[in-house]
Amino acid sequence: LIVSTGPPHSLHLIARQLKRRTNIPWVADFRDPWVDIYYNAFLPRTRATKKKDKALQDAVLRQADLVLTVSDGLAEKLGKTAQQTATIYNGYDQADFKETAPPSDRHFRVHYIGNLKANQNPTALWEAISRLREKQADFKAAFRLAFTGNIDPSVSAALNEYGLKDCLEVSPFVPHQEAVHQMQQASLLLFIIPETAGNEVILTGKLFEYLASRTPLLAIGPPAGNAAQILKSCHRQPMCDYSDQSNLEKQLQEAFAAFKDGAYMKHRGHGHTQFSREDLTQTLATWLNRLT
């Protein structure tokens, strides 16, 4: 069996040549879109480049025996050309989440872990936090907004504009196990899907690790997207639209109320083992056995 995985999607072109020479079954694994990936919009691509790129993608989709994707939305898009598709989520490693680490201090900490890019700048959330800090003295005293990783300068500027500089906790990247520990210690994990075209099919690995941490989530993105469907299936708080300040404020207040009454552990979710990599690998093995 031949398995190619991209990006870089040029690897699929190597597998395509091997498939032609050997006629061995071929699985093309798309971890991200190809021609529709969001950063293409920022590149100086010519009309001829786009046409050639689309032709190469379609050739891969037509000739692969199976196209794997990480989201149902991406599978639906690629499935218009592919012979057959299957979705296997990024998932999480259960070994990383054997121990729980509940909050260890008196602060209500909303934590984002990872890169925060310019198209992940939810000004409605910053305004909701600012309003709650003005209205509720206990919220202002307890609230902390934590970031671990790189923050785009535009996000930092917006946080300053909304008067949140005094409640920020910013730290650089940490080893993965420390990141997991921080996920478990947060009062609320902040999940933001990039605000870009086609973002309804974005389903990052971060979401599944956040779910595995069992910590409550405040999620911002397209309410009808694939990530929103995952949250609904896990009985988590619904996805908030980018500009839905009232709902963002409501979810913050509810999480803070649970924090104050000491009900943090009671409000934690379960581990969602259907997204464990062990279970997902069993699904993958079934597909590979079927093809061979």
Side-chain angles (χ1 to χ4, degrees), residues 5-8 31-33 37-40 42-43 70-71 89-105 107-123 125-126 129 143-162 164-196 199 202-221 227 230-231 236 242 255 268-269 271-272 275-277 280:
T5 182
R31 315 308 299 169
D32 286 308
I37 196 162
Y38 74 91
Y39 54 67
N40 276 349
F42 305 108
L43 301 176
V70 296
S71 72
Y89 300 120
N90 284 303
Y92 68 90
D93 189 342
Q94 283 179 293
D96 292 336
F97 295 89
K98 285 183 177 178
E99 299 179 2
T100 57
S104 58
D105 61 29
H107 292 118
F108 175 67
R109 183 171 285 101
V110 178
H111 205 148
Y112 181 91
I113 299 169
N115 283 324
L116 198 62
K117 300 181 285 295
N119 56 7
Q120 292 172 288
N121 187 14
T123 53
L125 173 62
W126 312 145
I129 292 170
F143 181 79
R144 295 293 183 274
L145 183 58
F147 297 97
T148 299
N150 293 327
I151 306 176
D152 188 86
S154 63
V155 178
S156 298
L159 293 170
N160 287 336
E161 181 183 342
Y162 285 97
L164 302 181
K165 188 175 181 180
D166 64 321
C167 64
L168 292 181
E169 296 177 351
V170 181
S171 63
F173 279 108
V174 296
H176 183 253
Q177 202 54 50
E178 173 59 23
V180 169
H181 184 74
Q182 290 184 2
M183 291 177 200
Q184 294 175 321
Q185 285 204 309
S187 308
L188 194 62
L189 284 170
L190 182 56
F191 179 73
I192 308 170
I193 292 179
E195 194 169 2
T196 185
N199 62 356
I202 293 178
L203 205 53
T204 64
K206 184 196 303 291
L207 175 61
F208 300 105
E209 292 208 325
Y210 272 14
L211 289 170
S213 74
R214 300 175 59 211
T215 302
L217 270 67
L218 178 62
I220 303 173
I230 293 287
L231 291 175
R236 295 299 193 104
Y242 300 96
R268 286 168 69 94
H272 307 292
F275 302 125
S276 73
R277 289 180 186 150
L280 295 172

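Residue numbers run from 1 in the order of the sequence given.
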Checklist entry - From Glu209 CD over to Ile113 CD1, what is the distance, rounded to the nearest 0.5 angstrom? => result 9.0 Å
Next on the checklist: Counting C-beta onward and ignoring hydrogens, is there a side-chain heavy-atom pair between Leu280 and Tyr89 closer than 4.5 Å?
Outcome noted: yes
Checklist entry - When rounded to the nearest 0.5 angstrom, what is the spacing between CG in Leu218 and CG in Leu188? => result 5.0 Å
Item to check | Under 3.5 Å donor-acceptor, Lys206 side chain and Ile192 backbone | outcome: no
Checklist entry - Taking C-beta and beyond as the side chain, do Leu190 and Leu125 meet within less than 4.5 Å on heavy atoms? => result yes
Next on the checklist: Within the 4.5 Å heavy-atom criterion, are Leu211 and Tyr92 side-chain neighbours or not?
Outcome noted: no
Checklist entry - Of all heavy-atom pairs between Ala186 and His111, which one has the smallest distance, and what is that distance? => result CB-CB, 3.8 Å
Checklist entry - Asn199: what forms a side chain to side chain donor-acceptor pair (under 3.5 Å) with it, not counting sequence neighbours? => result Tyr242
Item to check | Exercise: identify the closest heavy-atom pair between Phe97 and Ser213 | outcome: CE2-N, 3.7 Å
Checklist entry - What residues, two or more places apart in sequence or in another chain, satisfy side chain to side chain contact (heavy atoms under 4.5 Å, CB included) together with Val174? => result Thr148, Glu178, Ala179, Gln182
Item to check | Sequence-distant partners of Asn90, side chain to side chain contact (heavy atoms under 4.5 Å, CB included), two or more places apart | outcome: Arg31, Val70, Phe208
Checklist entry - Rounded to the nearest 0.5 Å, how far does CG of Leu203 lie from CD1 of Ile193? => result 7.5 Å
Item to check | Option from Leu159, Asn150, Ile151, Leu145 for which side chain to side chain contact (heavy atoms under 4.5 Å, CB included) with Val170 holds | outcome: Ile151
Checklist entry - Tell me, do Leu207 and Phe275 make a side-chain contact under 4.5 Å, heavy atoms counted? => result no
Checklist entry - Excluding sequence neighbours, so at least two apart, what forms side chain to side chain donor-acceptor pair (under 3.5 Å) with Thr123? => result none
Checklist entry - Taking only residues two or more places apart in sequence, or in another chain, which ones meet Ala157 in a side chain to side chain contact (heavy atoms under 4.5 Å, CB included)? => result none
Next on the checklist: Just to verify, what does Ser154 make a side chain to side chain donor-acceptor pair (under 3.5 Å) with, not counting sequence neighbours?
Outcome noted: Asp152
Next on the checklist: Looking at every non-hydrogen atom in both residues, tell me the closest pair between Gly114 and Phe173 and how far apart they are.
Outcome noted: CA-CE2, 4.3 Å
Next on the checklist: Under the rule for side chain to side chain donor-acceptor pair (under 3.5 Å), what residues qualify as partners of Ser156, not counting sequence neighbours?
Outcome noted: none
Checklist outcome for this item: Looking only at heavy atoms, the pair that brings Phe191 and Ala227 closest together is CE2-CB, 4.2 Å
Checklist outcome for this item: By ring pair (Phe, Tyr, Trp, His ring centres under 6.0 Å), Phe143 pairs with (sequence neighbours left out) Phe139
Checklist entry - Listed by chain and number, what are the side chain to side chain contact (heavy atoms under 4.5 Å, CB included) partners of Pro8, not counting sequence neighbours? => result Ser10, Leu11
Next on the checklist: Could you work out, with ring pair (Phe, Tyr, Trp, His ring centres under 6.0 Å) as the rule, every residue matching Tyr112, not counting sequence neighbours?
Outcome noted: none
Checklist entry - Are any side-chain N or O atoms of Gln184 and backbone N or O atoms of Arg214, one a donor and one an acceptor, separated by less than 3.5 Å? => result no
Next on the checklist: Determine whether a donor-acceptor pair (N or O, by modelled atom type, separation under 3.5 Å) exists between the side chain of Thr215 and the backbone of Met183.
Outcome noted: yes
Checklist outcome for this item: Sorted by chain and number, sequence neighbours left out, salt bridge (Lys or Arg N to Asp or Glu O under 4.0 Å) with Arg109 holds for Asp105, Glu169
